[in-house]
Each structure stands twice: as C-alpha cells, then as structure tokens.
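All remarks here apply to the structure that follows.
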Amino acid sequence: MAFDGLRFIPLGWASAGYSVNAGGEQYFLKLWPGGRGAAGAVARLPLVRELHEAGFRARVPYPVPTSAGKLSGSVPAGVVALFPYLPGTTPADWPRWPDTVLDELGRVLADLHSVSLSAVLPREQFSLAVADELRLHLAERVVRPQRAALMDQLERLERLQSAVRRLPSRFVVCHTDLAGDNLLVDEHGRLSALDWDNATLAPPEYDLSLLLHGEQPVDGHALRRGLAAYPADVPLSSDLFAFFLLRRYVEDYTARVVRLQHGFPDPADAEEAREGMRTWGSAQWERLDVTLSIVREALQDR
C-alpha cells in the first residue's frame, strides 16, 4: 500500500498516531515505541479483529492485515499497525454526555461483557504494582507535601485489594479505559470504541466504574443511565467499584509524577502534569467516599 499523505495526531502517552491517506481512503496508523507496551498491544489485536468480524455493536479499530497476513509490523521506531479511520467525534465534558449516548454506551458494555471470543487475554490479578512504583517517589519534592495522604490511600488500596480478592467475581472481556477520548459518536449516534491496548478479563465493575471517572464533583447520572441499559441480573459489588476507582486515581497521579521526574517536560507540560496530579489524583481520592455513596445508591435502585 502506497501512502500519499501522513499527518501526526497528538493523542496518547504510550504510542503515536497518524492519519494516513492511501488510494483515496483514510486510515489510522499507530506506532508503539517497543518494549512491553507494544507487545501487550499487539497481543490484543486478534481480539479487536474478532470483535469486528463478529459484528460487535460499536465500531472498533480492527487491524488491516499486512501483505504477509500479519496484524502488525516492525519498523526501526517500534511496532506499527494500520486501521480504518473511524467516523465521529468525542463529545465534550465527559461523563456529562447526552442520555442517548450514555444509554448506547450501557448497551455496548453489556454486549462486550457477554461476548465469547477465542482471543486470549490476560486476567485481572488485582495487583498493585503502581503502589510499589509510587513508593519509590515518596521522598521527591513534588510528592513530599502529600506524603501522609498518599500513605493513607495506599493503605486503603491494599485493604480493598484483600477484600476484592475474596469476592466470587465474574470475569468478562473488559476494555478497561472505555471513556472520554476513547469514544467517538457519529451523526447517527453509533459509537466507536478506540484503544484496546489494555483489554483484560476482569469483573465488569472495571469498565462500569469509568462512568464515574470525570472531574470532581461527579454525580451518578452517567452510571445510572449506563446501568439502565445493562442487565439487572448481573451482580455488582461496591467494593470492586472502590478498588478500580482508587487504583485508577493512584495510577493517574503516579503517571504524572513519573513524567515530571523523568520525562523532561517543558514548562507548559510540567504545569499540566502538576495540575493533573490534583485533578485526577488527590481531588479524586478526597471524594472517594462521596463517589462510593453514589455507587451504592445506583446499585440499590437497579
């Protein structure tokens, strides 16, 4: 395939994306720099291809095979895969989206969580590698003012880990980041679900908790709309919501700490990272109990 146009799309931290024109068609080219992230993403490409071929409710970025029939290829800069360019835009102000879109997202999640596929996926282990990583940075200047609060959150996360590992959980195919920029909505209201790099077999609460992952203060509207389109006979646990939410807060906080300490950001990027530590880290866990009260009310009303 000969390319006749290439445009960089500034999205994502772990990969690079490009809009590609070839033969009058538009494609999306994704480049992973290599290493574990690339290996994990490539291992999930068969899942996305299988979802597409099974007629999944949402559009997915299924990989276009190479001339050799492979779903990805190696280049000096890393690993690449080519996908059809999906239509639509991301509505503003996630998760405060139109009810029709939230209802459709609930149906997409229900379909995803009931799908039976042959693709092999890793299984959620409720691990806390991020806690170990954050502890390595507790003495650094950017973290020191919140050290006591961070220790409290890590201890709470470990208690939740012990609790959820004892639960009789149902494991389903989870996207693990199906929110915000990873969703497109076309003019007919059909969704496209992007970025399956971390798809995992996990309890459904992993995906459902993201309906509460927005700038604080959040309300329960998106969760309620999503659950209204979700099977009422699927048991759901507020402890699992708590674990996945708090782990996400700590991951988002830690990613920005690492970026500040080792990413050599320019002043604007550094300020964005510091603001992100607050917006997606501490401001989130400070209101976790309020968020969990929203979860419990929504689950009681199913």
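A quick note: this is a predicted structure, and the numbers were derived from the prediction, not measured. Only this structure's heavy atoms are used, side chains among them; waters, hydrogens and symmetry mates stay out.
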Using salt bridge (Lys or Arg N to Asp or Glu O under 4.0 Å) as the criterion, list what pairs up with Arg7, not counting sequence neighbours. none
Where Arg144 and Leu138 come nearest, the two heavy atoms and their spacing: CG-O, 3.8 Å
Validation row: Tyr62, Leu45 side chains within 4.5 angstrom (heavy atoms): no
Under the rule for salt bridge (Lys or Arg N to Asp or Glu O under 4.0 Å), what residues qualify as partners of Arg302, not counting sequence neighbours? none
Any heavy-atom pair between the side chains of Leu246 and Gln153 that's under 4.5 Å? yes
Could you report the tightest heavy-atom contact between Ala131 and Leu154, atom names first, then the distance? CB-CD2, 3.8 Å
Does the side chain of Gln261 reach to within under 4.5 Å of the side chain of Glu140, using non-hydrogen atoms? yes
Are Trp196 and Ile9 joined in one hydrophobic group, where the rule is that I, L, V, M, F, W and Y side chains link up if heavy atoms are under 4.5 Å apart? no
Step-by-step side chain to side chain contact (heavy atoms under 4.5 Å, CB included) determination, Glu286 to Ser282: CA-CA 6 Å; Glu286 287 167 4; Ser282 58; 4.0 Å; yes
Within the supplied structure, the quantity of interest is the number of heavy atoms (other residues, nucleotides, ligands) at a distance under 6.0 Å from Glu53 CD; does it exceed 12? yes
So, does Arg225 use its side chain to make a donor-acceptor pair with the main chain of Asp103 at under 3.5 Å? no
Decide whether Leu157 and Met277 are clustered together by the hydrophobic rule: side chain heavy atoms of Ile, Leu, Val, Met, Phe, Trp, Tyr closer than 4.5 Å, transitively. yes
Arg44 side-chain N/O to Gly40 backbone N/O, donor-acceptor pair under 3.5 Å: yes
Return yes if some donor-acceptor pair links the side-chain N/O of Asp186 with the main-chain N/O of Pro87 below 3.5 Å, else return no. no
Does any N or O in the side chain of Gln125 come within less than 3.5 Å of the main-chain N or O of Arg123, such that one atom is a donor and the other an acceptor? yes
For Asp177 and Asp207, which heavy atoms make the closest approach, and how far apart are they? N-OD1, 4.3 Å
For Thr254 and Tyr249, run side chain to side chain contact (heavy atoms under 4.5 Å, CB included): C-alpha distance rounded to whole Å, both residues' side-chain angles, the deciding distance at 0.1 Å, then the answer. CA-CA 9 Å; Thr254 304; Tyr249 304 158; over 6 Å; no
For residues 233-240, tabulate all N or O donor-acceptor pairs below 3.5 Å that involve a side-chain atom, not counting sequence neighbours.
{"residue": "Ser237", "atom": "OG", "partner": "Asp239", "partner atom": "N", "Å": "3.1"}
{"residue": "Ser237", "atom": "OG", "partner": "Leu240", "partner atom": "N", "Å": "3.4"}

A side-chain contact here means heavy atoms from C-beta on lying under 4.5 Å apart; do Asp111 and Val115 qualify? no
Which atom pair, heavy atoms only, marks the closest approach of Leu211 to Gly226? CD1-CA, 4.2 Å
Report the C-alpha separation of Glu251 and Arg248 in whole Å, then their side-chain angles, then the decisive distance to 0.1 Å, and conclude whether the salt bridge (charged side-chain N to carboxylate O under 4.0 Å, His left out) test is met. CA-CA 5 Å; Glu251 287 172 346; Arg248 176 64 179 258; 5.2 Å; no
Any donor and acceptor pair, going by atom type alone, linking the side chain of Asn182 with main-chain N or O of Asp195 inside 3.5 Å? no
Can you check side chain to side chain contact (heavy atoms under 4.5 Å, CB included) on Glu104 and Arg57, steps first, answer last? CA-CA 9 Å; Glu104 178 61 11; Arg57 186 180 190 96; 2.7 Å; yes
Is a donor from one side chain sitting under 3.5 angstrom from an acceptor on the other, for Gln26 and Ser19? yes
Is Gln284 reaching over with its side chain to a backbone N or O of Gly214, donor-acceptor style, under 3.5 angstrom? yes
Between Tyr85 and Tyr27, is the ring centroid distance below 6.0 Å? no
Identify the residue among Thr200, Val108, Leu112 that makes a side-chain contact (heavy atoms from CB on, under 4.5 Å) with His175. Leu112
For Pro231 and Ala110, the nearest pair of non-hydrogen atoms, with its separation, is CD-CB, 3.6 Å
Counting N and O atoms only, with roles assigned by atom type, does the side chain of Ser72 sit under 3.5 Å from a partner on the main chain of Val42, one being a donor and the other an acceptor? no
When rounded to the nearest 0.5 Å, the distance separating CG of Leu201 from OG1 of Thr176 is 11.5 Å
Could you list all the side chain to side chain donor-acceptor pair (under 3.5 Å) pairs where at least one residue sits in residues 156-167, not counting sequence neighbours? Arg135-Glu158, Arg156-Asp289
Any pair counted as ring-ring contact (aromatic ring centres under 6.0 Å, His included), so long as it reaches residues 273-302, sequence neighbours left out: His213-Trp280, Tyr253-Trp285
Do Asp197 and Trp32 pair up side chain to side chain, a donor and an acceptor below 3.5 Å, judged on atom types alone? yes
State, with a plain yes or no, whether a side-chain heavy atom of Glu50 is found less than 4.5 Å away from one of Val60. no
Is His188 reaching over with its side chain to a backbone N or O of Arg190, donor-acceptor style, under 3.5 angstrom? no
Trace of the side chain to side chain contact (heavy atoms under 4.5 Å, CB included) decision for Phe83 with Val48: CA-CA 11 Å; Phe83 310 89; Val48 188; 5.7 Å; no
Correct closest heavy-atom pair for Val164 and Ser169 would be O-OG, 4.3 Å
Side-chain donor-acceptor pair under 3.5 Å between Glu205 and Ser209, yes or no? no
Sequence neighbours excluded - ring-ring contact (aromatic ring centres under 6.0 Å, His included) pairs with any residue from residues 101-153: His113-Tyr230, Phe126-Phe243, His137-His262
With a 4.5 Å limit on heavy-atom distance, are the side chains of Leu150 and Leu134 in contact? yes
Do Arg170 and Pro204 have side chains that get closer than 4.5 Å, going by heavy atoms? yes
Quick one, Leu71 and Val64 - any side-chain contact, counting heavy atoms below 4.5 Å? no
